[in-house]
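What you are looking at is a predicted structure, and each value in this text was computed from that prediction instead of being measured. Protein chains get the first letters and strands the later ones, always in sequence-line order, with residue 1 at the start of each.
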Amino acid sequence: MREELYQQTILEHNRNPRNFKKLEGATHVAEGYNPLCGDHLWVYMKINGGVIEEASFEGSGCAISKASASMMTASLKGRTMAEAQVLFDEFHQLVIGELKPDERPHHLGKLAVFSGIWQYPARVKCASLGWHTMHGALEKTKSVSTE
Amino acid sequence: MSSFDAHRYRAEFPNLRINVHGKPLVYLDNAATTLKPRCVVDAVNAYYVTGVSNVHRGVHFLSEQATAAFEYSRQVVRQFLHAPKAHEIIFTKGATESLNLVAQSFGRQFLKKGDEIIISYMEHHSNIVPWQMLCEQAGCVLKVIPINERGEIIFEEYLKLLSRKTRLVAVVWVSNSLGTVNPIKAVIDQAHRRGAVVVIDAAQGVTHAPTNVQELDCDFLAFSGHKVLGPTGVGVLYGKEKWLEAMPPYQGGGDMIKSVTFSKTLYNALPYKFEAGTPPIAEVIGLRSALEFLQTINWEGMKAYKQELLDYGTQKLLSIDGVRLIGTARDKTSILSFVVDGIHPHDLGTIVDQDGVAIRTGHHCTQPVMEFFKVPATARASLAFYNTKEEIDVLAGAVVRAKEVFHA
C-alpha cells in the first residue's frame, strides 16, 4: 500500500501557501515551468552576504507543486546559500526515495512530509519544480524546466 | 435504453479484470489507448511463438506464411477504410508517423514558398508540428481555423481562410481533448473546390463511425493501431494512388527498393516504396485481429450506446458542484474533458487513481486548446463501448471524494 500523498500539511499549504507573492527587491529570481502539466512558477530570494533573508514564490500549479514551493520558501529563510544547496540535494534524494528520513540524519524538518512521493513517480516532478527553480535562481539561471 | 450489451464484450478484454490499488480497474483513458481484446493478444502471441519470420524476404515456409499474413492485414485495413486499392494502405508506426510522412514526402515535393496550409485550432500536436516543420523548410504559411466556446471549428472562418494559395488542409476528424466531431466531409469538399489536398487525422475518428475514404474523398487519412484495439507501434496512412505514386520515398532502406547500385537506385512499387526496413510485423498481424473484432460489432448499436454513456456521464459530472466541461460541441464523441473548481487536474488524477479509475490529466497534446479555454490542463474521461454507467458512477464518486479531500 502506498503512503497517502495528500497529507494534511500538504493540503494546508496548498490552501494557504506561505510567502505567495512577488518579492520586491529580490536579488535572485528564476522562472520554473513544467510544459507537460502546465505548472508555472517564479521563485524570488533576497540574499545578503550569502544569507537568504527572504524567499517567496508565485504562479500556478497542482497542490503538490504549490505546497512544496510554499514549504521550501518557509524553510529557506535564514539559511546560507551553502545550506540551501545541501537542502536542495537532500530534498532531491528524498523525492526519488534515496533518502529515508527515519534512517539517517538530515536537515529536512517538516519537508519530510514528501517522503512518500517516490511511490508516485509521475508526481515527483511536481514536488521538485519549486526546488529546481530555486536552484536555478541560486545559480542565476533565468528559466528552468522540468519534465 | 439501447440493446447493446457491453458486458458481453467486456469478457473479451482480459485487462478489465485487474485490480488497481485493491479496486477493480475502471479504465476511462481510451482516447490515449484502448484496451486489447484477447484475439489481438493471441494473434501477436501466435506470431512470436510459432510464426516468427521476416516478410518479403525468404522463400522458406515461415517467411511465406508471415508475408501472406502481413499482406492479408493490408486487405483487412483496406476494407475497414473502404479504400479502392490495397497498395494505397501504407503501414507506419502510428498516426504521427503517417502525418509526418505526408508532410515530408508530399509536402516537400508539391508545396513551395508562399503556399498556404490550413489546420484547425483543435489539432493534436502531431497535426501541428509536422506542418510547422514543413513551413520552415519550404517557406509555406500556416493558417489556423478558429474555434468557438463550444469547441467547434467556425466554418465561416474556414471558408475565409481558403484561397487560391491554399495548397493543403489538415484537419482532425474527432478531437482527442474536446470530443468534437468535425464536419470533415464539408471541410474536404470546400478544400477540393479550391484545388487543395486534404489530410484527415482520424486517430479518434475511426472508432467513432465507419470510415469510407471514397465517400469522404480525402486525399490522405491517418490513424493508429493502438487506438482501435490493436497493438502499439503500428499505424496506417491511406493515400490516393495518384499522390502516392508521385511522391518520393519518405525513408530509404531495405524493402523500399527494386535494385540498388552505387550509381542508381530504383524504388519499389507501392506500398513498399514507403515501408523501408522490417515493418512491425507482429503489430500489423495484431491490427488485423483488432479490425476483424470491431467488424463483429453492430456499429449502429455501439454508436447509440456510446452516446448514452456520453449523455449519462455529462449529466453525472455536471451534477457535481464546481465541475465544468471543456468541449460542449453539438456533435460530440464519448469524451468528457472537465475541470473541477479548486482542484488541479493532476491532483484529481492521482486521487481518482486511488479508487482504481484511470483518466488522463494534462493538456492532451493540444496546448492551443488549453490556452483557448484558459486552463492549464483538464481531466479527461474517454469512454469506449466496453465501459458502463456503473463505471461512470465510480468516477463521479471519486471526483466527489477528491472534493472532500481538498475541501473544494
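The 12-atom threshold is not exceeded at NZ of A:K77, counting heavy atoms of other residues, nucleotides or ligands nearer than 6.0 Å. The environment of NE2 in B:H125 is crowded: more than 12 heavy-atom neighbours from other residues, nucleotides or ligands sit within 6.0 Å. Heavy-atom neighbours of B:K403 NZ from other residues, nucleotides or ligands within 6.0 Å: above the threshold of 12. Other residues, nucleotides and ligands place no more than 12 heavy atoms under 6.0 Å from the NZ atom of A:K22. Counting non-hydrogen atoms of other residues, nucleotides and ligands closer than 6.0 Å to CD of B:E390 gives a total above 12. Counting heavy-atom neighbours within 6.0 Å of B:N19 CG, excluding the residue itself, gives a total above 12.
Heavy-atom pairs under 4.5 Å with chain B were tallied for A:R123, A:K66, A:R15; the largest tally goes to A:R123.
Only the side chain of A:L11 comes within contact range of chain B, with heavy atoms under 4.5 Å apart. Looking at A:E12, neither its backbone nor its side chain comes within 4.5 Å of chain B, counting heavy atoms on both sides.
To the nearest 0.5 Å, atom OH of residue A:Y120 and atom NE2 of residue B:H346 are 15.0 Å apart.
Side chains of B:H344 and A:D39 form a contact here, defined as non-hydrogen atoms less than 4.5 Å apart.
Of residues 374-381 of chain B, those residues with a non-hydrogen atom less than 4.5 Å from any non-hydrogen atom of chain A are, in numerical order, B:P376, B:A377.
Among all heavy-atom pairs drawn from B:D347 and A:A63, the shortest one is OD2-N, 2.5 Å.
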